[in-house]
Amino acid sequence: ILGAVSHYTWLHLACTSFVDRNATAQSGFALHDGRLSLEDLARKISSDAELAFLSCGRETESDAYDPEDVDRLAKGMLAAGFRGVVAPMWSMIDLDTADIVEAYYRKLIERRCLGIVEEKETGAAYALHEAMRVLREKVGESDVVRWASLVHFGV
């Protein structure tokens, strides 16, 4: 990832995340070949980095839940240089994640192809809204835990 991230403006991570509550820059993502910290990522990302989509579960479910953890990771990605970040507030069902990701990227690419996204915008918030609508229609309005898990930070 570190070798490629400087060449692309979007990053999608589907992995396990970890949070260092004492040193946010050391928080990051568990990959097959080791940990990727926010600090390491910030050193390598593209100067025109736009979007990060964090489809990540927590390192261990036995960790004491802290609602600020998603905030730490998302803000860390913004500090690293991304203009927009989508991150889950809690663990998600894998099939729901697949539906959300498909609808999200479809809407994001559609808006860009139509020229709807203004300069300095990412279009991510609109795309995420559409993805949540698609899942809400599939699982039902009352199952809010399933369709309201992702939030958007940034522009």
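- Rounding to the nearest 0.5 Å gives a distance of 8.0 Å between CG of Leu78 and CZ of Phe153.
- Among residues two or more places apart in sequence or in another chain, the side-chain contact (heavy atoms from CB on, under 4.5 Å) test is passed with Glu110 by Lys107, Leu114.
- No option in Ile100, Val101, Leu95 other than Val101 meets the side chain to side chain contact (heavy atoms under 4.5 Å, CB included) test with Thr97.
- Met132 and Ile93 are assigned to two separate hydrophobic clusters, defined by single-linkage of ILVMFWY side chains at heavy-atom distances under 4.5 Å.
- Of all non-hydrogen atoms in Phe18 and Leu36, the two that sit nearest each other are CZ-O, 4.3 Å.
- The stretch residues 146-155 participates, sequence neighbours left out, in these side-chain hydrogen bond (donor to acceptor under 3.5 Å, both in side chains) pairs: Asp96-Arg146.
- In this structure the side chain of Val139 never reaches within 4.5 angstrom of the side chain of Asp99, judged on heavy atoms.
- Between Leu11 and Leu41, some side-chain heavy-atom pair lies under the 4.5 Å cut-off.
- One distance of note links CG of Leu150 with CE of Met92; it measures 4.5 Å at 0.5 Å rounding.
- Closest of all the heavy-atom pairs between Gly76 and Leu38 is CA-CD1, 3.7 Å.
- Of all heavy-atom pairs between Ala74 and Ala87, the closest is CB-CB, 4.4 Å.
- Closest non-hydrogen pair, Pro88 versus Leu54, comes out as CD-O, 2.8 Å.
- Residue Leu31 places its CG atom among more than 12 non-hydrogen atoms of other residues, nucleotides or ligands, all under 6.0 Å distant.
- Distance alone, capped at 3.5 Å, places no donor-acceptor pair between the Ser46 side chain and the His7 backbone.
- With rounding to the nearest 0.5 angstrom, the CD1 atom of Ile109 is 9.0 Å from the CZ atom of Arg112.
- Taking every heavy atom of both residues into account, Ser27 and Leu73 meet most closely at CB-CD2, 4.0 Å.
- Applying the salt bridge (charged side-chain N to carboxylate O under 4.0 Å, His left out) test to every pair with at least one member in residues 22-31, sequence neighbours left out, gives no pairs at all.
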task: List the steps and the verdict of side-chain contact (heavy atoms from CB on, under 4.5 Å) for Phe82 and Thr122.
output: CA-CA 10 Å; Phe82 289 96; Thr122 63; over 6 Å; no

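- Asp20 CG to Glu39 CD: the interatomic distance, rounded to the nearest 0.5 Å, is 11.0 Å.
- Counting only distance, with no hydrogens or angles, the side chain of Arg83 and the backbone of Ala49 share no donor-acceptor pair below 3.5 Å.
- The CZ atom of Phe53 sits 6.5 Å away from atom CG of Leu128, with the distance rounded to the nearest 0.5 Å.
- Note that the CZ atom of Arg43 and the OG atom of Ser37 stand 7.0 Å from one another [nearest 0.5 Å].
- Closest approach of Trp90 and Ala148 over heavy atoms only: CH2-O, 3.5 Å.
- For the pairing with Leu51, the side chain to side chain contact (heavy atoms under 4.5 Å, CB included) check across Leu108, Val86, Val85 returns one residue only, Leu108.
- Using a cut-off of 4.0 Å between Lys/Arg side-chain N and Asp/Glu carboxylate O, Glu130 and Arg111 are scored as not salt-bridged.
- Between Tyr105 and His12, the angle of the ring planes lies from 30° to 60°, which puts this pair in the tilted group.
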